[in-house]
Amino acid sequence: MLFASLWFLSLAATPYLISQAIDRGVSPRSPGPLIGWTLAVLACGLAGAGLGIMRHRSMTKLRIAAALRTADQVLTHAARLGAALPRRITAGEVVTIGISDVWLIGRAMNAGGVGVASVLACSVVAVLLHHTSPRLALVVLVGVPALGVLVGPLLGRTQRAGSSYRERQGGLNARLIDVVGGLRILNGLGGSDTHLARYVRESTRLRDQGYRVGRPSSWVNALGDGVPLVFLAVVIWVAARMAAAGEITAGQLIAVYGYTAMLVIPVSVLIFCGFDVTYGLVAARRVTGFLRLALDDPAGSAGPPGPARLHDPESGVTAEPGLLTALAGARPADAVEVLDRLGRYTPAAATWDDRRLDGIARDTVRDRILVAENGADLFAGPLREVVAGRHDPEDDLIRVAIEAAVAHDVAADLDRPVEWGGRNLSGGQRQRLRLARALHADPEILLLAEPTSAVDAHTESAIAERLATLRSGRGTVVATTSPVLLARADTVHYLVSGRVAATGTHRELLEDSPGYRALVTRVFGEEQ
């Protein structure tokens, strides 16, 4: 703001110095004053050049700093949300924020620098013109606000259209990311052409909506370039008539022209600042909406002093410490939602040792309760580091976890490179590698979501046996409809519409619950 203000003042001072050189040096043919005022013009020009460089440098740094600080806040918040992030917002929305919104917010910072300086410049020019002619100053004081009245409705339309466009843009990016992430599956099922056609339709609608956003935007651009020149013409026409009538001198006429020509710059800047702020507000609403996504409070009370039971009152599920508990339901998503509540990934009234889980320190919950799901990311690196996760790699412990997950075909060599997302592994290998990583972490309570859905029956049976052995004495909850896993469970909760309909051992439920018996028989029949 300081550099831009001083730069504008140097631009406004130049016409005044030129007018003095004309009236005191050229008109009376006085070389001394002419040289003096000419040197003053030169000094003002050099100062303006330096100030212009500093204005541009500082404004560019401000825009970039604002964008990167915003991006830093977004990434920090995303990291704090952690595994809860995909449950709160689509990946496409996060990508759009990171590659588009943060830079629009950076551009909106123009209003705080050159925008404020432009208002000051208009005020200074109005004062200078008032010394020359109050009539000319009145034209400026009336004309500049009139431009705002002219451009304001267009900016409002742009903001409304831009908000709708931005929302649809985030949705389209989310679809693109989902399609790319599942491209291999889509190709295998022959569904890639269907999704491509759907994406093309939605992209076409987004493009057409972009045209609607562009219409008022194009008028703003046109007015930003053209209206100040019309304004310049009006002021010069008035000043020329005054000079012809002898009301102002030739030097003053040139000064008026210089003031007004210089005024074109701040007026254009104000129009484009309004344009940038309009888009910046649209982007800022999306960013602040993301930043308002509720975080688990990192503070809170200490956890239970030792192993304790987890309870979800919404479903009626209870997981006792030291036991293997299974959740079985006709709708697998119901069981996964229970795991999310017990793992404190969604707002719930779940309790741990009869204390609200959301009132316990987040880090304590994350250290002692682990939710392992099939969609969890696998990071790139040597296999031993992938399995060890945030813990220091110990080959003996890693091999124990790999053996329990029946992932020996993947981990014959612990130095084997794993690509990001496990792209160089099959679906079953990725699932067993995720299970090995969860078992290596050895949490106090392990919550597993369908850990054997991508393996064959023989491997599933081996995993069920080894899982029960390795986790003996530790609390484990498994969401599954696999008969071999259910048979190994100490307690099975049969879920109907997300609520516990029956509880017992696998054998007891087969005898006493027709619904459970039908579910297991159906699944067993499908596996056969």
Side-chain angles (χ1 to χ4, degrees), residues 79-86 296 298 303-304 306-310 319-326 336 338-345 352 357 360-408 410-411 414 416 418 420-422 425 429-455 463-480 485:
R80 288 173 179 167
L81 286 169
L85 178 63
D296 286 339
R309 70 171 190 165
L310 280 175
E320 296 291 343
L323 299 182
L324 175 57
T325 304
V336 174
V338 173
L339 296 186
D340 284 343
R341 292 194 291 269
L342 293 177
R344 191 178 157 179
Y345 282 121
W352 189 15
L357 197 61
I360 299 173
R362 184 188 62 201
D363 292 343
T364 299
V365 175
R366 295 288 175 260
D367 285 339
R368 297 172 61 181
I369 301 176
L370 173 64
V371 178
E373 57 183 5
N374 288 326
D377 281 322
L378 292 172
F379 299 102
L383 189 138
R384 64 161 47 82
E385 294 182 4
V386 173
V387 174
R390 64 189 178 93
H391 303 282
D392 294 330
E394 294 186 27
D395 287 0
D396 292 341
L397 295 178
I398 291 172
R399 292 190 186 280
V400 169
I402 289 172
E403 184 69 20
V406 194
H408 47 273
V410 187
L414 294 183
R416 172 181 179 172
V418 176
W420 183 87
L425 304 175
Q429 289 174 328
R430 288 195 295 272
Q431 185 176 53
R432 285 177 285 143
L433 195 59
R434 292 186 181 102
L435 177 59
R437 182 174 61 182
L439 294 174
H440 178 271
D442 194 27
E444 183 178 308
I445 301 176
L446 177 60
L447 310 177
L448 296 170
E450 298 287 350
T452 60
S453 59
V455 300
I463 289 175
E465 179 181 356
R466 298 176 189 182
L467 175 65
T469 301
L470 184 65
R471 294 290 300 172
S472 178
R474 311 282 274 173
T476 306
V477 182
V478 184
T480 183
L485 280 173

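Taking the side chain to side chain contact (heavy atoms under 4.5 Å, CB included) definition, one finds that D367 meets it with R390, sequence neighbours left out. Judged as a side chain to side chain donor-acceptor pair (under 3.5 Å), and not counting sequence neighbours, the contacts of E444 are R368. Annotation: salt bridge (Lys or Arg N to Asp or Glu O under 4.0 Å) contacts of E403 (sequence neighbours excluded): R466. Checked against side chain to side chain contact (heavy atoms under 4.5 Å, CB included), A454 has the following partners two or more places apart in sequence or in another chain: Q431. Checked against side chain to side chain contact (heavy atoms under 4.5 Å, CB included), H408 has the following partners two or more places apart in sequence or in another chain: V406. For R399, the side chain to side chain contact (heavy atoms under 4.5 Å, CB included) criterion is met by L414, not counting sequence neighbours.
E320 contributes atom CD, which lies 6.5 Å from atom CG of L323 (distance to the nearest 0.5 angstrom). Between T476 atom OG1 and R471 atom CZ the span is 3.5 Å, to the nearest 0.5 Å. Distance check: L383 CG to I402 CD1 gives 5.5 Å after rounding to the nearest 0.5 Å.
When all heavy atoms of L324 and A468 are compared, the closest pair comes out as CD2-CB, 4.4 Å. Heavy atoms only, all atoms of each residue included: A438 and P443 are closest at O-CD, 3.7 Å. Between P304 and I360, the shortest heavy-atom distance links the atoms CD-CD1, 4.3 Å. Between V336 and A449, the shortest heavy-atom contact is CG2-CB, 4.3 Å. The minimum heavy-atom distance between I398 and A388, with the atom names listed, is CD1-CB, 4.3 Å. Nearest heavy atoms, G422 versus L378: N-CB, 4.0 Å.
The number of heavy-atom neighbours closer than 6.0 Å to CG of D392, taken from other residues, nucleotides and ligands shown, is 12 or below.
A side chain to side chain contact (heavy atoms under 4.5 Å, CB included) with P451 is found for exactly one of L439, L446, L485, namely L485.
With contacts defined as side-chain heavy-atom distances shorter than 4.5 Å, the pair L370/L447 does not qualify. A heavy-atom distance below 4.5 Å is not found between the side chains of V477 and L310. At a threshold of 4.5 Å between non-hydrogen side-chain atoms, the residues I369 and R344 do not count as touching. A heavy-atom distance below 4.5 Å is not found between the side chains of V418 and F379.
R437 places no side-chain N or O within donor-acceptor distance of the main-chain N or O of A441, the cut-off being under 3.5 Å. A donor-acceptor distance shorter than 3.5 angstrom exists from the side chain of R366 to the backbone of G343, with no hydrogens or angles considered. Of the possible polar contacts, one joining the R416 side chain to the V410 backbone as a donor-acceptor pair under 3.5 Å is found. Side-chain atoms of R432 never come within 3.5 Å of backbone atoms of A405 as a donor-acceptor pair (strictly under, hydrogens ignored). With hydrogens and angles ignored, the 3.5 Å screen pairs a side-chain donor or acceptor of T469 with a backbone N or O of E465. A donor-acceptor pair is defined here as one N or O able to donate and one able to accept, closer than 3.5 Å; no such pair exists between the side chain of R309 and the backbone of W352.
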Step-by-step side-chain contact (heavy atoms from CB on, under 4.5 Å) determination, V387 to L433: CA-CA 7 Å; V387 174; L433 195 59; 3.6 Å; yes
Would L339 and Y345 count as a side-chain contact (heavy atoms from CB on, under 4.5 Å) here? Give the steps. CA-CA 9 Å; L339 296 186; Y345 282 121; over 6 Å; no
